[in-house]
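Just below is one structure, and these are the notes that go with it.
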Amino acid sequence: MDIKQLELTIGDVVAGYFNDAEEGVIGYDDRLDIRPKYQREFVYKDKQRDAVIHTIMRGLPLNVMYWAVVGKDKYEVLDGQQRTISFCEYVDGTFSVDDKYFYNLPSDQQKEILDYPLFIYVCDGTDSEKLEWFRIVNIAGEKLTDQELRNAVYAGSWVSDAKRYFSKPGGAAYALAGDYLKGEAIRQEYLETAIDWAAAKDNISIEEYMARHAEDPQAVQLWNYFRSIIDWVQATFPDTNKYMKGLPWGLYFNEHGERSDLDPKKLSQEVERLLGDEDVTRKAGIYEYLLTGSERALSIRSFDDRDKRAAYEAQKHKCAICGDEFEYSEMHGDHKKPWSKGGRTVPENCQMLCTECNLKKGAN
């Protein structure tokens, strides 16, 4: 891996500065991607922004900034985005500090600002080397998410296009799937989720998926796959509720998306019934249960210690199945009539089983 220091000034970085809400932020004569397209920056508050300019005016050092190589003499800011935008915006005349715009300053002060040396490290190497290095240096300021780090490593046409769909607050992914996804589009969490689901479909890691598609000119394949997932969810479980948010819908789709036996009307009735069942303590597990039949997903309410001790004494310390006598600590509370067949978690439905019988019954 090659890590080198670039000796640049503010004047170098400000050259060709361009800031557009949709097209991103560019500097260093079109060689530096300060903020990628469709990714709204984390905006400094005025006090933070002004502090950057005061630091520069006083000749004090700014914290080190990190860039990633994304092409021949092309870079992307990995860490230091807001500092960079702050001094670029000031030189560009967007805001004043101490009631003075850059263009109001004497020429010698303007020159001092433009000649201010920046401390920049640039990293180039294999994908895995850059990702590891980025994780090491990501120790201060606004922490980068894992996906933001991956975006820097695999920067290119595919990542830029994918951000257009998934990284814009209020954008396409949010409008389509905001009820089903957790996290924030701006922190690349929507994009990470979509890639994770697509990678799982191919049985590979997120990094491998991004490496395979890094040179693709566009990401419409990922977007279409994502839309297919949400279309399937909305068709299969048409009634939306808060417990649907953040579930691994893509993984469910990968496994069950081709099934023809899923009846949306019956599933809606089951969802409503299970949401009202006080024995179901994990409501978010309802969808996994309806797709797989696994009761573990529901975390069915267990018998409390009082009910179990009452059953233990009534059974005279003997297992209800094998009849052998056991210590209380060696036994488990069990539903006489299984929950799946209408049995409730009530005292009269409680029986005590030894570990072996409990395991055998659970396996049947």
Could you give the side-chain donor-acceptor pairs of residues 197-211 under 3.5 Å, partners two or more places apart or in another chain?
residue, atom, partner, partner atom, Å
S205, OG, E208, N, 3.1
E207, OE2, R150, NE, 2.8
E208, OE2, R212, NE, 3.0

With a cut-off of 3.5 Å and sequence neighbours excluded, list every side-chain donor-acceptor pair involving residues 110-123.
residue, atom, partner, partner atom, Å
Q110, NE2, F102, O, 2.9
Q110, NE2, L105, O, 3.2
K111, NZ, D115, OD2, 2.6
Y116, OH, L60, O, 2.4
Y116, OH, L62, N, 2.9

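Ring centroids of H213 and Y154 are separated by 6.0 Å or more, keeping the two rings apart. In summary, the aromatic rings of Y165 and F226 are positioned with their centroids too far apart to meet the 6.0 Å limit.
Taking CG of N19 as the start and CD1 of I85 as the end, the distance is 6.0 Å to the nearest 0.5 Å. Summarising the geometry, atom CZ belonging to R282 is positioned 13.0 Å from atom CZ belonging to R296; distances are rounded to the nearest 0.5 Å. One distance of note links CD of E348 with CG of D307; it measures 9.0 Å at 0.5 Å rounding. Within the model, atoms CD of Q234 and CE of M244 stand 8.5 Å from one another, a figure rounded to the nearest 0.5 Å.
The list of ring pair (Phe, Tyr, Trp, His ring centres under 6.0 Å) pairs with a residue in residues 261-289, not counting sequence neighbours, reads F237-Y287, W249-Y287, Y289-W339.
For T236, the side chain to side chain contact (heavy atoms under 4.5 Å, CB included) test picks out W232, L262, L267, with sequence neighbours left out. Scored by the salt bridge (Lys or Arg N to Asp or Glu O under 4.0 Å) test, R273 finds E270 as partners (sequence neighbours excluded).
Through direct or indirect side-chain contacts shorter than 4.5 Å among Ile, Leu, Val, Met, Phe, Trp and Tyr, Y328 is connected to Y312, F326, M331, M352.
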Go through the steps for D179 and K245 under the test salt bridge (Lys or Arg N to Asp or Glu O under 4.0 Å), then give the verdict.
CA-CA 6 Å; D179 289 335; K245 198 174 186 70; 5.6 Å; no
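For D99, the CG atom counts as loosely surrounded, since its 6.0 Å shell holds 12 or fewer non-hydrogen atoms of other residues, nucleotides or ligands. Counted within 6.0 Å of CD on E272, heavy atoms from surrounding residues, nucleotides or ligands total 12 or fewer; the atom is thus considered open.
Residues K74 and L32 are not in side-chain contact: their nearest non-hydrogen atoms beyond the backbone lie 4.5 Å or more apart.
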